[in-house]
Amino acid sequence: MESTRVNKRIRAFRKLRGLTQLQLAEMTNLSITIIGEIERGNRAADAQVVERIAHALRISVNELVGEG
């Protein structure tokens with residue numbers, strides 16, 4: 001899984017859902033700093049974080065990471 005691509009997909013799906021970084025942070029119980037760092041590619045999202053974000057965005061992990 002290429003981290004940069006996942007970061008861009010997280011941002012794209014978040015915007016598609018009309019969510020701010022703060023709203024996504026609250027939905028995933030992560031800090032806004034972590035969400036911002038992930039989206040900018042300054043921090044890798046581990047599998048657990050990807051699952052939490054996918055759940056909050058109402059999509060599958062495979063859809064979020066661009067597989068399947």
Output for pair (Leu24 CG, Leu30 CG), nearest 0.5 Å, gives 7.5 Å
Same cluster for Ile38 and Leu16 if Ile/Leu/Val/Met/Phe/Trp/Tyr side chains link at under 4.5 Å? yes
Sort and list the pairs that fulfil salt bridge (Lys or Arg N to Asp or Glu O under 4.0 Å) and have at least one residue in residues 11-31, not counting sequence neighbours. Arg11-Glu39, Arg14-Glu39
What one should report as the nearest heavy-atom pair of Arg9 and Leu64 is NE-O, 2.8 Å
Non-hydrogen atoms of Ala25 and Ser31 that approach each other most closely: CB-C, 3.7 Å
Suppose we screen for side-chain contact (heavy atoms from CB on, under 4.5 Å). Which residues come up paired with Glu37, at least two apart in sequence or across chains? Thr33, Arg40, Asn42, Arg43
For residues 50-59, tabulate all N or O donor-acceptor pairs below 3.5 Å that involve a side-chain atom, not counting sequence neighbours.
from	atom 1	to	atom 2	distance (Å)
Arg52	NE	Thr28	O	3.0
Arg52	NH2	Thr28	O	2.6
Arg52	NH2	Asn29	O	3.0

